[in-house]
Amino acid sequence: AAGTPRPLVLVLHGKGEMGTDNRRQLTPLAASWVRLHQYSDIAPIIVAPQVDVRSADYDMCGAIRCASRPGPSFDALMEFVDDIVSSEAVDRGQIHVIGFSMGGATALLLALARPELAASLTIFGAVPPHKERAADLKAGSLLVVQGTRDWNHPLHVMQEWIEHLNESGGNAVLEIRDGMKHM
C-alpha cells in the first residue's frame with residue numbers, strides 16, 4: 001500500500017560482478033529475492049548496487065586471506081546505502097543485508113560501520129574483518145554459509161571469527177557445507 005514502509009533487502013555482489021554495466025551484479029542470488037517475494041502482500045525493496053572497484057580488500061597471512069578491510073568503493077557504497085535507507089519507503093527496522101564473497105566481507109564491514117543498520121546479515125563465502133572487530137558487530141542476527149572446499153576463503157578463518165564473535169555476546173550461526181567450493 002502507498003505510504004507503507006517496506007523491508008529492504010540489500011544484495012552485495014562478489015568480485016566477479018564488478019563493473020559499470022549495471023547488469024552484471026544481477027546474479028541468481030539477487031534474482032532469488034525477487035522470485036521469493038513476487039506474490040507477497042508487502043514485497044521488500046530489493047537493491048543490488050554494483051561497484052566498479054573493490055568494496056573490500058584483504059589482508060594476507062602468508063598465502064591466506066585472513067581479514068577484510070574497506071576497499072576503494074566502500075565509502076561511496078555507504079553513501080548510497082545511507083541515501084536509500086533515509087527514504088520513507090524503507091522500514092528501518094527491517095533491513096537485511098546479503099553478500100557473497102567480496103560482498104559478504106563488505107556486508108560485515110558495513111554492519112560494523114553502521115551498527116544500527118541491519119536487522120540481519122546473511123553471508124556466503126566471505127573473509128571476515130579483523131578478529132578483534134568481531135565484538136563490535138551488533139547486527140540482529142548473522143548467518144554465515146561457508147564451504148569446506150572454499151580455497152579462496154578458507155573455512156578456519158571464518159570459524160575463528162564466529163567463535164570470537166559469539167564469545168563476545170554475538171548472535172551468529174555458521175552453516176558449514178561439506179564439499180562446497182567458493183559459491
Smallest separation among heavy atoms of A119 and G93, with atom names: CB-O, 3.6 Å
Could you grab the distance from atom CZ of F74 to atom CD of E79, nearest 0.5 Å is fine? 11.5 Å
To the nearest 0.5 Å, atom CD of Q50 lies from atom CG of L77 at 11.5 Å
Any chain of hydrophobic side-chain contacts (each under 4.5 Å) joining M102 to V157? no
May I ask you to decide if N152's main-chain N or O and R65's side chain share a donor-acceptor pair within less than 3.5 Å? yes
Is there a side-chain contact (heavy atoms from CB on, under 4.5 Å) between F100 and I123? Walk through the geometry before answering. CA-CA 6 Å; F100 169 67; I123 310 300; over 6 Å; no
Please check if L12 and L26 belong to a single hydrophobic cluster, counting links between Ile, Leu, Val, Met, Phe, Trp and Tyr side chain heavy atoms closer than 4.5 Å. no
Would you find a donor on one side and an acceptor on the other, under 3.5 Å apart, between the side chain of S68 and the backbone of V127? yes
Between I84 and I95, is there a shared hydrophobic cluster once you connect ILVMFWY residues whose side-chain heavy atoms come closer than 4.5 Å? yes
Indicate the atoms forming the closest heavy-atom contact of L112 with L137, along with that distance. CD2-N, 3.6 Å
Without swapping roles, check the side chain of S101 against the backbone of A126 for a donor-acceptor pair under 3.5 Å. no
Less than 4.0 Å between a side-chain N and a carboxylate O, is that true for D57 and R69? yes
From H164 atom NE2 to E132 atom CD, the distance as rounded to the nearest 0.5 Å: 7.0 Å
List the steps and the verdict of side-chain contact (heavy atoms from CB on, under 4.5 Å) for V145 and M180. CA-CA 10 Å; V145 180; M180 188 173 86; 3.9 Å; yes
Does a side-chain N-to-carboxylate-O contact under 4.0 Å join R114 and D82? yes
Could you tell me whether the side chain of P70 reaches within less than 4.5 Å of the side chain of L109, counting heavy atoms only? yes
Is it the case that more than 12 heavy atoms not belonging to M18 sit under 6.0 Å from its CE atom? yes
Nearest heavy-atom approach of L108 to M158 is CD1-CE, 4.4 Å
Side-chain donor/acceptor of R54 to backbone N/O of A56, under 3.5 Å: yes
Check the angle between the aromatic planes of H182 and H153 and answer parallel, tilted or perpendicular using the 30° and 60° thresholds. perpendicular
Taking I176's backbone N and O only, do any of them form a donor-acceptor pair with Q146's side chain (distance below 3.5 Å, no angle check)? no
Hey, does K181 have a side-chain heavy atom less than 4.5 Å from the side chain of D150? no
S168 side chain to G170 backbone, donor-acceptor under 3.5 Å: no
If you round to the nearest 0.5 Å, how far is OG of S120 from CG of N171? 10.5 Å
Hey, are E17 and K15 close enough for a salt bridge, meaning a charged N less than 4.0 Å from a carboxylate O? no
Test V90 against R6 for side-chain contact (heavy atoms from CB on, under 4.5 Å), laying out the working first. CA-CA 5 Å; V90 173; R6 297 186 300 166; over 6 Å; no
Student check: side-chain heavy atoms of W161 and P129 closer than 4.5 Å: yes
Indicate if L117 and V144 have the same hydrophobic cluster label, given that clusters are the connected sets of ILVMFWY residues with side-chain heavy-atom separations under 4.5 angstrom. yes
Quick check against the 3.5 Å criterion: does S73 have a side-chain atom that pairs as donor or acceptor with the backbone of V53? yes
Test your reading of the model: is there a side-chain donor-acceptor pair from R92 to the backbone of V85, 3.5 Å cut-off? yes
Could you see if L155 belongs to whatever hydrophobic cluster contains L165? Use Ile, Leu, Val, Met, Phe, Trp, Tyr and a side-chain cutoff under 4.5 Å. yes
Would you check if V47 and V9 make a side-chain contact, meaning some heavy-atom pair closer than 4.5 Å? no
Is there side-chain contact between L174 and Q159, with at least one heavy-atom pair below 4.5 Å? yes
How many angstroms lie between CD1 in I45 and CG in L10, if you round to the nearest 0.5 Å? 11.5 Å
Assess whether atom CG of D21 is packed by more than 12 heavy atoms of other residues, nucleotides or ligands within 6.0 Å. yes
Would H96 and L8 count as a side-chain contact (heavy atoms from CB on, under 4.5 Å) here? Give the steps. CA-CA 6 Å; H96 308 281; L8 172 68; over 6 Å; no
Gap separating the CG atom of L121 from the CG atom of L143, nearest 0.5 angstrom: 10.0 Å
Ignoring hydrogens and angles, tell me if any N or O in the side chain of T148 forms a donor-acceptor pair with the backbone of G179 under 3.5 Å. yes
